[in-house]
Amino acid sequence: PPSPLPLPPPPPHLLSSTLKMRALLWVAALALCSGGPLEDVVVERYSVPDECAREVEHGDHVRYHYNGTFTDGKKFDSSHDRGLPFSGQVGLGRLITGMERGIKGMCINERRKITVPPHLAYGSVGAADVIPPDTTLVFDVHLLDIWNTKDRVQTSTISRPQQCKRAVQRTDFVRYHYNGTLLDGTPFDSSYERKQTYDTYVGEGWLIKGMDEGLLGMCVGEKRNMIIPPFLAYGADGHGTEIPPHASLVFDVLLVDLHNPKDDIVIDNQVVPESCTRKSVPGDFIRYHYNGTFLDGMPFESSYQRNSTYNTYVGMGYMIPGMDKALLGVCIGERRRVTIPPHLAYGENGVGDDIPRSAVLVFDIHVIDFHNARDPVEVQVTHRPEECNMSSAVDDLVQYQYNCSLLDGTLLFSSPQEVVLGADKVIDGLDEGLRGMCVGERRVLIVPPHLGHGDISVGGVPPNAVLRFDVELVGIQKGVPKGYLFVWLEEGPSELFQALDVNKDQEVPLEEFSAFIKSLVAEGKGRLRPGQHSDVVIQDMFNNQDRNKDGRITADELKLKAQEDAERSRHEEL
């Protein structure tokens, strides 16, 4: 009985088994009766691409769009109208003979007009109500895809960096950019448009099989073209609306990053100073410069651009784990390159817009200095005179020449200077390093910041900077204890006032007082506080004794002053 609904016709170029048998019998009968050559397919190649990497051969699978018309131009079928190209295999009798002959040798994106005579189409039988008997058919074909079950992934290297220390292996984690197109050039996806790499594991089943295979052996910075047949891509189902069934895929891939979850930091390009007396240990405070890049060389940060070192503690968790580890065991002045995998850097989250997720980081490091809060001043004597009758000590006035620089050689100050040691006039480390020196002696002083300028910037000295002083002692003036203006070097006179009162008028003016003190100093019996002019120091001494401020010192003033100072447990120079 007839079907209650009309059946949709098959694609007119796809021959059913019944129609195929009838057409073959008709062709055979015609050949026997005519005894002459049969009319063949007429092919008009009206649009051929400049490049044709592959042509349709027997056994290939093809995907194409077509419009089917009669010779009068009337359309009887169109894949364009259905919005779905036709997919089939060539050479197995699944297409009408004329179509199989007509598409052989076609290139991707080629357009042909194929005119098929009736005996190579549906013959005297026709096709249902669509194709009348003995009808010549005209197909306008646009070839979109070719593949074969024997195909493998085709890879070609577009560019490759000169140095490739490591290539992709299975279980590696990769980050790459790509443009994806169908074989006819139709784009379907691009990581560049999303402005985000595709990040995944290789060989773990997270990718289509063809991409898993195509990424193997790639270097960071390498560009590859990959052609992946459908059965190693999305197969007969396709993917969404962008990738049709039985579609070959073309990817242009740029490998941006590569690491393995088992990776540790890698240290290379080391430049270690010849003199390295100490290496960094946990708890040290370090200052270093760095340039930070990704594996592909793209920079993301630089301390040089900020014109400021990065300052922090080592081995105490103040940095990403990889950097914490990389800065242990370094020397002052050392340079090294450190490659840090993401699990020892910023991991799967990255940092804002600067550090992508799962990014390998590369740091070129220059260690400026480091110190520990327990470090003393380091004193290196570079020259000491053979004769040294007197050495510098606390309260002495010393004259010295010096150059002050950072440990990287940056000169900060250079000047002659004089200072009273122990008077808090210079940084503690320099004050300490100048002690015990002979005139003519030269030293190198390494002063840690807690004995220098600390964590503040002073006069061009960076915060937390270790300082180097090259000093030479030029002169020494022995000093007096802190708070004193004068000290006796010999026993003083038993009757001090009488010694002061030269004219015996029972009053000692400033002139007599000054002459007396200067004579003691000249004879080596006493010493004034250095660092000020002697007249200024003597004036202060006189003012201390002149209780009523009348410009004269009497015996009672001298006696009362001495008693008062004794009661207050204060010193009395005279």
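- In the displayed structure, R357 atom CZ is contacted under 6.0 Å by at most 12 heavy atoms of other residues, nucleotides or ligands.
- Using a 4.5 Å cut-off on side-chain heavy atoms (C-beta onward), P462 and L406 make contact.
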I'd like to know whether N464 forms a side chain to side chain donor-acceptor pair (under 3.5 Å) with D455, so could you lay out the CA-CA distance, the side-chain angles of the two residues, the decisive distance to 0.1 Å, and finally the verdict.
CA-CA 5 Å; N464 299 295; D455 58 1; 5.7 Å; no

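- Between Y318 and Y313, the ring planes lie tilted relative to each other; the angle falls in the 30° to 60° range.
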If you apply the rule side-chain contact (heavy atoms from CB on, under 4.5 Å), what do you find for I103 with L143, and how did you get there?
CA-CA 8 Å; I103 65 173; L143 188 65; 5.9 Å; no

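- Residues K325 and D264 are in side-chain contact: their nearest non-hydrogen atoms beyond the backbone lie under 4.5 Å apart.
- Y290 and F363 have perpendicular rings, their planes meeting at more than 60° on a 0 to 90° scale where under 30° would count as parallel.
- Under a cut-off of 6.0 angstrom, the local environment of CG in D129 is sparse, with at most 12 non-hydrogen atoms contributed by other residues, nucleotides or ligands.
- Counting only distance, with no hydrogens or angles, the side chain of H80 and the backbone of N67 share no donor-acceptor pair below 3.5 Å.
- Within the 4.5 Å cutoff, the side chain of M99 has heavy atoms near those of the I114 side chain.
- Ring centroid separation for the pair H65 and H142 does not come in under the 6.0 Å cut-off.
- Side-chain contact between D77 and R82 is present, with at least one heavy-atom pair separated by less than 4.5 Å.
- In the model, N109 has no side-chain atom that pairs as donor or acceptor with a side-chain atom of D184 under 3.5 Å.
- Between the side chain of S280 and the backbone N or O of G329, at least one donor-acceptor pair lies under 3.5 Å.
- Note on D189 versus R194: salt bridge recorded, some NZ/NE/NH1/NH2 to OD/OE distance being below 4.0 Å.
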Can V202 and M218 be said to form a side-chain contact (heavy atoms from CB on, under 4.5 Å), step by step?
CA-CA 11 Å; V202 177; M218 285 193 76; over 6 Å; no

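- More than 12 heavy atoms of other residues, nucleotides or ligands sit less than 6.0 Å from atom NZ of K104.
- Proximity of H450 to H371: side-chain heavy atoms (C-beta onward) are separated by under 4.5 Å at one or more points.
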Would you please test D252 and Y192 for side-chain contact (heavy atoms from CB on, under 4.5 Å) and show each step?
CA-CA 11 Å; D252 285 312; Y192 294 98; over 6 Å; no

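- Taking the six-membered ring where tryptophan is involved, the planes of Y198 and Y176 are tilted, since the angle between them lies from 30° to 60°.
- Note on D212 versus R170: no salt bridge recorded, every NZ/NE/NH1/NH2 to OD/OE distance being 4.0 Å or above.
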What do the steps show when you test V314 against V330 for side-chain contact (heavy atoms from CB on, under 4.5 Å), and what is the final call?
CA-CA 11 Å; V314 177; V330 297; over 6 Å; no

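- A salt bridge links R306 with E301: at least one charged nitrogen is closer than 4.0 Å to a carboxylate oxygen.
- Crowding of D50 atom CG: a count of heavy atoms from other residues, nucleotides or ligands under 6.0 Å not exceeding 12.
- Under a 3.5 Å cut-off, the side chain of S302 and the backbone N or O of Y304 do form a donor-acceptor pair.
- Annotation for V90 and E100: closest pair C-OE2, 4.1 Å, computed over non-hydrogen atoms.
- Between W147 and T149, some side-chain heavy-atom pair lies under the 4.5 Å cut-off.
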Could you walk me through whether D60 and N148 pass side chain to side chain donor-acceptor pair (under 3.5 Å), step by step?
CA-CA 5 Å; D60 283 344; N148 196 291; 2.8 Å; yes

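- Of the residues V266, I265, N260, the one that meets the side-chain contact (heavy atoms from CB on, under 4.5 Å) test with D263 is N260.
- Listed here is the closest heavy atom pair of I267 and R336: CD1-NH1, 3.4 Å.
- For the pair P245 and L84, the tightest heavy-atom approach, listed with the atom from each and the gap, is CD-CD1, 4.5 Å.
- Atoms CG and CG, from D284 and D369 in turn, are 10.5 Å apart once rounded to the nearest 0.5 Å.
- Side-chain contact between P449 and F285 is absent, with no heavy-atom pair separated by less than 4.5 Å.
- Here the closest heavy-atom approach between residue G102 and residue V41 is recorded as CA-CG1, 4.2 Å.
- Atoms CD and CG, from E222 and D296 in turn, are 13.5 Å apart once rounded to the nearest 0.5 Å.
- To the nearest 0.5 Å, atoms OG1 (T309) and OH (Y288) are separated by 9.5 Å.
- We find the NE2-CG distance between H61 and L92 to be 7.5 Å, quoted to the nearest 0.5 Å.
- Remark: side-chain polar atoms of R224 are paired, donor with acceptor, to backbone N or O of G214 under 3.5 angstrom.
- Put simply, CZ on R278 and CD1 on I332 are 7.0 Å apart, with the number rounded to the nearest 0.5 Å.
- No more than 12 heavy atoms of other residues, nucleotides or ligands sit less than 6.0 Å from atom CD of E348.
- Using a distance-only test at 3.5 Å, with no hydrogens or angles considered, no donor-acceptor pair links the side chain of D257 to the main chain of V174.
- Considering CG of D40 and OG1 of T115, their distance stands at 11.5 Å, rounded to 0.5 Å.
- A 6.0 Å sphere centred on CG of N307 holds no more than 12 heavy atoms belonging to other residues, nucleotides or ligands.
- Not a single donor-acceptor pair under 3.5 Å links the side chain of D354 to the backbone N or O of V351.
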Between N179 and S190, does a side chain to side chain donor-acceptor pair (under 3.5 Å) hold up when you go through it step by step?
CA-CA 4 Å; N179 285 319; S190 173; 2.6 Å; yes

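- Taking each heavy atom of I340 and L344 in turn, the nearest pair found is CG2-O, 3.4 Å.
- The number of heavy atoms from other shown groups lying within 6.0 Å of NE2 (H239) does not exceed 12.
- For the pair R335/D364, no side-chain contact is recorded, criterion being any heavy-atom separation below 4.5 Å from C-beta on.
- The heavy-atom pair separating L295 from V256 by the smallest distance is CB-O, 3.9 Å.
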